[in-house]
Amino acid sequence: MSVSTETRVCAAPAIERLPFLQLLLVGLQHVLLMYGGAVAVPLIIGQAAGLSREEIAFLINADLLVAGIATVVQSLGIGPVGIRMPVMMGASFAAVGSMVAMAGMPGVGLTGIFGATIAAGFFGMLIAPFMSRIVRFFPPLVTGTVITAIGLSLFPVAVNWAGGGSTAVQFGSPIYLTVAALVLATILLINRFMRGFWVNISVLIGMAIGYLLSGMIGMVDLSGLAQAPWLQVVTPMHFGMPTFELAPILSMCLVVVIIFVESTGMFIALGKITDQEVTPRMLRRGLLCDAGASFFAGFFNTFTHSSFAQNIGLVQMTGVRCRSVTIVAGGFLIVLSLLPKAAYLVASIPPAVLGGAAIAMFGMVAATGIKILQEADIGDRRNQLLVAVSVGMGLIPVVRPEFFAQLPQWMDPITHSGIAMATVSAVSLNLLFNVLGGTERAALSGHIEQH
């Protein structure tokens with residue numbers, strides 16, 4: 001039996017199919033992978049708003065709480081909300097540029113950002129039923145292109161981590177590269193020579209070995225751990241009542257639309273990996289969770305939330321498709337939000353350790369996109385052109401983030417997101433080449449869905 005077959009230990013809709021220990025360990029893998037991204041947004045915004053170290057720590061704990069609750073709801077499904085797939089949620093990077101600008105605006109500041117987040121979340125809940133209908137514009141040609149672009153746009157993050165982090169003084173030091181290589185080699189060797197349980201937690205084992213090595217050579221910084229409190233409860237509206245200003249609200253509403261476009265691509269990617277067809281009803285549930293999380297996030301001192309693309313790679317890498325693992329991971333995030341010391345320990349994982357694991361996982365996302373493209377008529381030159389241009393558009397913000405710097409600032413959520421750029425390009429070119437180009441051609445390419 002192949003490893004890929006053996007590691008798919010539970011069907012996609014399952015809730016409790018894994019042994020308890022394995023469930024905890026695989027859930028912990030998801031937390032470790034997304035933790036850096038989860039804390040980055042409140043860290044950036046807190047610094048831009050001039051908050052103290054204690055206040056920034058509170059922002060981070062607030063984000064972990066909302067991310068944990070949103071992950072549980074998204075994975076478990078409560079009422080009409082939640083896509084019921086293994087999805088991790090966290091603060092979205094799509095709004096960072098806009099929120100940094102808001103933080104310095106007179107009369108806006110942090111409470112204005114929270115107010116805009118609340119309003120944008122409410123707006124998202126209103127439009128989610130309409131946005132969910134766009135799933136028909138994602139045939140295999142578009143889906144495969146978008147998923148490939150997601151993997152490629154994430155890969156520079158993995159490389160930055162593996163080199164020691166983008167702010168490392170000695171970026172690319174042999175020490176960083178050795179740690180990253182050890183983590184990656186451990187993951188590869190486990191997947192080659194072991195099976196079942198060990199393959200499912202191969203990323204966790206690799207990161208644990210990398211962390212131990214980093215600690216022995218002095219790369220783990222635990223300064224300040226003793227000063228962190230043992231317990232801290234996140235209280236709503238800690239920084240004051242949210243305020244509502246028109247310009248920030250409009251900017252954040254645009255961000256929510258971009259988040260919906262990104263999430264649609266990620267949900268469809270996850271559906272392909274878990275062998276589930278993402279229907280408009282499922283997509284509506286998932287988008288409602290994104291919007292609802294953002295709505296409540298504003299009251300709980302944090303920002304717009306969305307699904308995390310990097311965790312899709314972990315699902316593909318381990319073959320564990322149960323949503324029970326992300327429900328457990330959401331529980332971990334909630335606990336971390338209450339225990340600043342524990343959160344501090346997780347945050348001490350060196351970037352090089354994350355980088356070694358991310359190289360494999362983010363590459364797996366791109367490989368999934370390439371596999372899906374095989375279902376499309378990729379031999380057609382116009383379809384090849386669609387893939388080429390869309391992947392290229394998705395890489396522009398990655399290769400040169402300042403490429404669109406002279407365009408109006410309200411376009412930043414689109415132009416600074418490789419996923420959004422690739423998605424808009426792929427959908428538009430598919431309409432041009434295969435839909436507007438004639439129904440006969442569309443039918444031959446498999447681009448008309450029969451409902």
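The figures here come from the full heavy-atom set of this structure, side chains too, leaving out hydrogens, waters and symmetry mates.
- For the residue pair Asp290/Ser263, the side-chain donor-acceptor check at 3.5 Å is satisfied.
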Checklist line | Audit row: Leu25, Gln29, side-chain contact (heavy atoms from CB on, under 4.5 Å) steps and yes/no | finding: CA-CA 6 Å; Leu25 293 176; Gln29 282 184 140; over 6 Å; no
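- Leu23 pairs with exactly one of Val328, Leu28, Ile327 by the side-chain contact (heavy atoms from CB on, under 4.5 Å) rule, that one being Val328.
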Next item on the list: For side-chain contact (heavy atoms from CB on, under 4.5 Å), just list the numbers for Gln170 and Ile175, CA-CA rounded to whole Å, side-chain angles, deciding distance to a tenth of an Å, and then say yes or no.
Entry: CA-CA 10 Å; Gln170 293 183 313; Ile175 295 295; over 6 Å; no
Check: Do Phe296 and Ile118 pass the side-chain contact (heavy atoms from CB on, under 4.5 Å) test, and can you show the C-alpha distance, the side-chain angles, and the key distance before you say yes or no?
Finding: CA-CA 7 Å; Phe296 287 105; Ile118 293 168; over 6 Å; no
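- Residues Arg285 and Val81 form no side-chain contact, since every pair of their non-hydrogen atoms from C-beta on lies 4.5 Å or further apart.
- No side-chain N or O of Ser294 forms a donor-acceptor pair with one of Thr304 less than 3.5 Å apart.
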Next item on the list: Decide yes or no on side-chain contact (heavy atoms from CB on, under 4.5 Å) for Phe58 and Thr235, but give the supporting numbers first.
Entry: CA-CA 10 Å; Phe58 187 90; Thr235 52; 3.9 Å; yes
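- Evaluation of the side chain to side chain donor-acceptor pair (under 3.5 Å) rule for Thr302 yields Asp63 as partners, not counting sequence neighbours.
- Counting only heavy atoms from C-beta outward, the side chains of Arg323 and Met85 never approach each other to under 4.5 Å.
- Of the possible donor and acceptor atoms, one in the side chain of Ser75 sits under 3.5 Å from a partner among the backbone N and O of Val87.
- Using a 4.5 Å heavy-atom cutoff, the side chains of Arg84 and Leu76 are not in contact.
- Using a 4.5 Å heavy-atom cutoff, the side chains of Asn61 and Leu64 are in contact.
- Here Thr186 pairs with Leu182, Ile190, Ile205, Ile209 under the side chain to side chain contact (heavy atoms under 4.5 Å, CB included) rule; sequence neighbours left out.
- Residues passing the ring-ring contact (aromatic ring centres under 6.0 Å, His included) test with Phe295, sequence neighbours excluded: Phe299.
- A donor-acceptor pair under 3.5 Å is absent between the side-chain atoms of Gln74 and the main chain of Ser307, judged by distance alone.
- Here the shortest heavy-atom pairing between Ala67 and Gly90 reads CB-CA, 4.0 Å.
- Remark: Phe239 CZ is packed, more than 12 non-hydrogen atoms of other residues, nucleotides or ligands lying under 6.0 Å away.
- For Phe303, the ring-ring contact (aromatic ring centres under 6.0 Å, His included) partners at least two apart in sequence or on another chain are Phe114.
- Remark: Ala158 engages Ala358, Ile359, Phe362 in a side chain to side chain contact (heavy atoms under 4.5 Å, CB included) (not counting sequence neighbours).
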Could you give the side-chain donor-acceptor pairs of residues 398-405 under 3.5 Å, partners two or more places apart or in another chain?
residue	atom	partner	partner atom	Å
Arg400	NE	Glu402	OE2	2.5
Arg400	NH2	Glu402	OE2	2.6

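- Side-chain N or O atoms of Thr178 include one that pairs as donor or acceptor with a backbone N or O of Pro174 at under 3.5 Å.
- The NE2 atom of His238 sits 10.0 Å away from the CG atom of Leu110 when rounded to the nearest 0.5 Å.
- Using a 4.5 Å heavy-atom cutoff, the side chains of Met89 and Ile69 are not in contact.
- For the atom pair CG (Asn430) and CG (Asn383), the distance works out to 7.5 Å, reported to the nearest 0.5 Å.
- Side-chain contact between Phe171 and Asn160 is present, with heavy atoms from C-beta onward closer than 4.5 Å.
- Listed by chain and number, the residues in a side chain to side chain contact (heavy atoms under 4.5 Å, CB included) with Ala426 are Val142, Thr145, Val146, Leu386, Ser390 (sequence neighbours excluded).
- With sequence neighbours excluded, the residues satisfying side chain to side chain contact (heavy atoms under 4.5 Å, CB included) with Val179 are Leu213, Ser214, Ile217, Met219, Ala352, Val353.
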